[in-house]
Structure formats: C-alpha cells, structure tokens
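Scroll down for the structure; my scribbles are underneath it.
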Amino acid sequence: DTGVSQNPRHKITKRGQNVTFRCDPISEHNRLYWYRQTLGQGPEFLTYFQNEAQLEKSRLLSDRFSAERPKGSFSTLEIQRTEQGDSAMYLCASSPGQESSGANVLTFGAGSRLTVL
Amino acid sequence: DQQVKQNSPSLSVQEGRISILNCDYTNSMFDYFLWYKKYPAEGPTFLISISSIKDKNEDGRFTVFLNKSAKHLSLHIVPSQPGDSAVYFCAARTYSGNTPLVFGKGTRLSVIA
C-alpha cells in the first residue's frame, strides 16, 4: 500500500491551455474523490466515483472541468481552456466502499498544484 | 453558505500546554465528524473522528468533544508538541457515506517551544 499518488505535483501553464491531473488511489479503495483547495480555504468537493461510476458531478466548477475513472482504478481530472482563477491545489482522495466501517475516512494524496499564468 | 465553520484562523500555544481548536456546523443532518491535519506541501492527514452517538472520542494526546445541541465540536491536544504545528481542518458528513466530506477553512496551530 503506497497511499494515494498524484501526478504531476506541480503544473504551470498559460491561460487557455488544457491540463490533466492523474490520481492513483489505494488499490483496495473503490471510492475516489476530487477536491480543490485555494489559499486560506478548506478543501472544496468537486466530484466522486464509486468504481468507474461517477456518482456526483454537479459540484464541478464549470463545464471546462471533467473527470474520468475508466476502469475503476486511476482517475484523471481535466481542465480545458484554463483561466487564472483555476490556480489552486487539486486534491485526490480515496476510501473504502459504503459497506466498510472505514468509508467515512478519506485518505488524501499530496495534491497537484496548478498555476495558470 | 459555510456549513462547517472554524472561526479562528490561527492559534499559538506553548509547548506542553493544551491546544483547543473549535468548529461549528449548521447542517443538522451531519452526524459524523472528522479532524484532519495538514503540513505544507502535503495532503490532509486523518487525525480523529467522532460519530454523533458519542460526545467524546480519545486517541492518545488527541480528544474530540461533540456538543450536538450547540452544533459544536472541539479538538483538544494535550500536551502540545512543536510537531503538532500544522493547519487543522474540521470536516463533517452524513453517516450514509453518500455525501462528500464538507470542510471548514482550517485553523493554523503554532506550538512554540
């Protein structure tokens, strides 16, 4: 168990470019979450998956944001046509399924920091 | 609309003394609460949790107290150590597990040697 892995750790891009972040959850966890954290704020929920099913995506910030988890293992978060306001830390977390006593505890990765120039 | 509020952005405590971090919530459907600790350049790390059927949960130097009538919880760290210096986030969810964790803005704790 190597924990939740996120790549890249830091991405600098120019406004208007597309960026993609990858998250590899803990292998036995079937739930995967994406959060965003800006300076001085707590993590803000974006979307989550149970296996490959995306169960909640209404909190994605705009239609420029999309997430996938094609085989129920790793996930990607893509931001199209980035804006300066997208600069933030993007956090991925995973947890066991609802039937598990540990379902309420999310294990976070170290995050991917996005800087949009 | 902040459903989880941490009204103190920062707290300084001397080493060996008690640190008390506070959290208030507005959503009466919340019935499971967690505290996370975050160091710079790392993701949040789970610290301790409490279900609404309890009013206290203890794990070593860390104790969480829940006052449901006041919709208030607190994290006590005794004794505080310099390594406890971090940002602490309060989080809440409904026990069904189908709702995401909702986080407060965090409190930065500085433990002074």
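Here is how names work: the chains are called A, B, and so on, in the same order as the sequence lines, proteins then strands, and each is numbered from 1.
If you chain together hydrophobic residues whose side chains sit under 4.5 Å apart, Trp34(A) and Val19(A) fall into the same group. Two different hydrophobic clusters hold Tyr33(A) and Phe49(A) under the rule that ILVMFWY side chains link at heavy-atom gaps under 4.5 Å.
Arg9(A) and Ala41(B) get closest at one heavy-atom pair: NH2-O, 3.0 Å. Of all heavy-atom pairs spanning Phe108(A) and Pro44(B), the tightest one is CB-O, 3.4 Å.
There is no contact between Glu56(A) and chain B, counting heavy-atom distances below 4.5 Å. Neither the backbone nor the side chain of Arg113(A) has a heavy atom closer than 4.5 Å to any heavy atom of chain B. For Gln37(A), the part lying under 4.5 angstrom from a heavy atom of chain B is the side chain only.
In the displayed structure, Glu68(A) atom CD is contacted under 6.0 Å by at most 12 heavy atoms of other residues, nucleotides or ligands. The neighbour count for Arg15(A) CZ, taken as heavy atoms of other residues, nucleotides or ligands under 6.0 Å away, does not exceed 12.
Atom-to-atom distance recorded for Thr38(A):OG1 and Lys105(B):NZ is 9.0 Å, nearest 0.5 angstrom. Interatomic distance, CG of Leu91(A) versus CZ of Phe103(B), reported as 8.5 Å (0.5 Å rounding).
Among Leu101(B), Val102(B), Leu34(B), Val87(B), the residue with the largest count of heavy-atom pairs under 4.5 Å with chain A is Leu101(B).
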